[in-house]
Amino acid sequence: MPAKTLGVLGGMGPAACAEFLRILARDAPAKDDSQHPKIIMLSDPETPDRSDGLMGTGPDPLPVIRKNLLQLVEWGAEVLAVPCNTAHYFIDRFRDELPVPLVHIVEATTEAAKELSQGNCSWLLATDGTQKSLIYPACAEKMHYHFLKPSNEQQEKVQRCVRLVKAGDMKSAGELMREAVSELWRERDVPVTMGCTELPLAYEASGLPGERQVSSLKALSDACIRVLYDA
């Protein structure tokens with residue numbers, strides 16, 4: 001039985017959060033309904049765009065993210081999870097102020113990437129904002145790991161994949177993902193780390209081999225399960 005109540009801050013974006021919850025339900029070591037985690041969810045799709053805020057082309061989302069996380073705690077959440085990578089750039093600025101633990105998606109994903117690639121390296125696919133923030137390289141450095149960064153042209157394709165998933169066009173997102181990853185693999189044949197929660201959806205639609213990618217959604221779910229079930 002899960003020992004604590006999980007608070008999930010979603011809406012960034014909605015499809016990615018829904019997929020996170022699906023993976024969590026699929027992988028939880030539960031034999032019946034009562035053994036699944038108790039979850040409190042706040043989905044706020046009106047949260048200002050995280051990449052725009054980081055790039056200085058939109059409003060700062062930090063106040064909204066902070067308010068919503070504290071709201072989840074007030075409602076009874078004892079552990080927090082946010083299935084949005086870029087949001088963690090802002091969360092890190094007040095993480096120590098949170099009254100309950102946060103399962104950090106960047107830390108969980110970097111650990112999963114290191115395990116899959118046996119400590120070597122992988123390509124980091126993420127939003128423009130996450131790439132600019134350097135949140136992944138900073139985390140990787142602490143773990144003695146290394147992420148490869150796509151070229152500007154390849155990064156544009158990745159960012160377009162994110163927008164296509166948010167728009168619900170999975171077919172186009174999958175085709176573009178396949179094109180971008182194939183280019184990366186011709187340059188260096190190592191796994192790809194999906195440092196954006198929309199990108200695993202695009203990868204799934206691409207037809208590329210699932211074992212060659214690290215999904216930040218799966219990594220976050222796995223880390224939450226370890227915390228909730230004291231595994």
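Atoms considered below: every heavy atom in the structure, side chains included; atoms not considered: hydrogens, waters and symmetry mates.
Listed for the T130 side chain is no donor-acceptor partner under 3.5 Å among the backbone atoms of A126. Using a distance-only test at 3.5 Å, with no hydrogens or angles considered, no donor-acceptor pair links the side chain of Y203 to the main chain of V214. Judged by distance alone, with hydrogens and angles left aside, the side-chain atoms of S221 form no donor-acceptor pair with the main-chain N or O of K218 at under 3.5 Å. When atom types are taken as modelled, the side chain of W123 and the backbone of M194 share no donor-acceptor pair closer than 3.5 angstrom. No donor-acceptor distance shorter than 3.5 angstrom exists from the side chain of Q155 to the backbone of L125, with no hydrogens or angles considered. Judged by distance alone, with hydrogens and angles left aside, the side-chain atoms of Q154 form a donor-acceptor pair with the main-chain N or O of S151 at under 3.5 Å.
With values rounded to the nearest 0.5 angstrom, R178 atom CZ is found 12.5 Å from L176 atom CG. The CG atom of L164 sits 11.0 Å away from the CD atom of E198 when rounded to the nearest 0.5 Å. R93 CZ to I65 CD1: the interatomic distance, rounded to the nearest 0.5 Å, is 9.5 Å. To the nearest 0.5 Å, atom CG of residue L62 and atom CG of residue L54 are 11.0 Å apart. Rounding to the nearest 0.5 angstrom, the gap separating the CD atom in Q131 from the CG atom in N85 is 10.5 Å. Distance CG/L72 to NZ/K67: 10.0 Å, rounded to 0.5 Å.
In this structure, E97 places its CD atom where more than 12 heavy-atom neighbours from other residues, nucleotides or ligands lie under 6.0 Å away. The 12-atom threshold is not exceeded at NZ of K4, counting heavy atoms of other residues, nucleotides or ligands nearer than 6.0 Å. With a 6.0 Å radius and a threshold of 12 heavy atoms from other residues, nucleotides or ligands, Q35 has its CD atom above the threshold. Counting heavy atoms of neighbouring residues, nucleotides and ligands inside a 6.0 Å radius, atom CD of Q159 exceeds 12 of them.
Linking Ile, Leu, Val, Met, Phe, Trp and Tyr whenever their side-chain heavy atoms come within less than 4.5 Å puts I135 and L217 in one cluster. Residue L102 is grouped with residue L9 when hydrophobic side chains (ILVMFWY) are merged at heavy-atom distances under 4.5 angstrom, including chains of intermediate members. Cluster membership for V165 and L199, using ILVMFWY side-chain heavy atoms within less than 4.5 angstrom, is not shared. No continuous path of ILVMFWY side-chain contacts below 4.5 Å connects F90 to M55, so the two sit in separate hydrophobic clusters. A continuous path of hydrophobic side-chain contacts links V100 to L70 [ILVMFWY only; heavy atoms under 4.5 Å].
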I would like to know whether R212 and D189 meet side chain to side chain contact (heavy atoms under 4.5 Å, CB included); could you show each step before the answer? CA-CA 10 Å; R212 299 296 311 281; D189 191 12; 2.8 Å; yes
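The side-chain heavy atoms of L148 and H146, taken from C-beta on, include a pair separated by under 4.5 Å. Side chains of V106 and Y89 form no contact here, defined as non-hydrogen atoms less than 4.5 Å apart. C224 has its side chain within reach of L220: a pair of non-hydrogen atoms, C-beta onward, lies under 4.5 Å apart. Side-chain contact check for K142 versus C139: every heavy-atom pair is 4.5 Å or farther apart. Contact annotation: the side chain of W185 never approaches that of V190 to less than 4.5 Å [non-hydrogen atoms, C-beta and beyond]. Using a 4.5 Å heavy-atom threshold, the side chains of T86 and C196 count as separate. At a threshold of 4.5 Å between non-hydrogen side-chain atoms, the residues Q213 and T193 do not count as touching. Using a 4.5 Å cut-off on side-chain heavy atoms (C-beta onward), V79 and T5 make no contact.
With respect to R22 and E19, a salt bridge is recorded, a charged nitrogen being found less than 4.0 Å from a carboxylate O. One finds a salt bridge joining E107 and R95 here, because a Lys/Arg side-chain nitrogen approaches an Asp/Glu carboxylate oxygen to under 4.0 Å. Using a 4.0 Å cut-off between charged side-chain N and carboxylate O, E175 and K171 make a salt bridge. Salt bridge K157/E183: present, at least one basic N to carboxylate O contact under 4.0 Å.
Contact detail for I105 and Y136: the closest heavy-atom pair is O-OH, 4.1 Å. A28 and Y229 make their closest contact through CB-OH, 3.7 Å (heavy atoms, listed as atom of the first residue, atom of the second, distance). The nearest pair of heavy atoms linking D169 to S172 is OD2-OG, 2.9 Å. Across P83 and V8, no two heavy atoms sit closer than the pair CD-CG1, 3.9 Å. Here the shortest heavy-atom pairing between L184 and P150 reads CD2-CB, 4.1 Å. Taking all atoms of both residues into account, the shortest heavy-atom contact from C17 to M41 is SG-CE, 3.2 Å.
For the residue pair S216 / T197, no side-chain donor-acceptor distance below 3.5 Å is found, with atom types taken as modelled. A donor atom on one side chain and an acceptor atom on the other are not found under 3.5 Å apart for N120 and Y145.
Here the rule is side chain to side chain contact (heavy atoms under 4.5 Å, CB included) with L6, and of V227, I40, L24, I225 only L24 fits it. The only member of I91, V82, L80, D92 that meets side chain to side chain contact (heavy atoms under 4.5 Å, CB included) when paired with H104 is D92. Of the residues M12, R66, R50, the one that meets the side chain to side chain contact (heavy atoms under 4.5 Å, CB included) test with P61 is R50.
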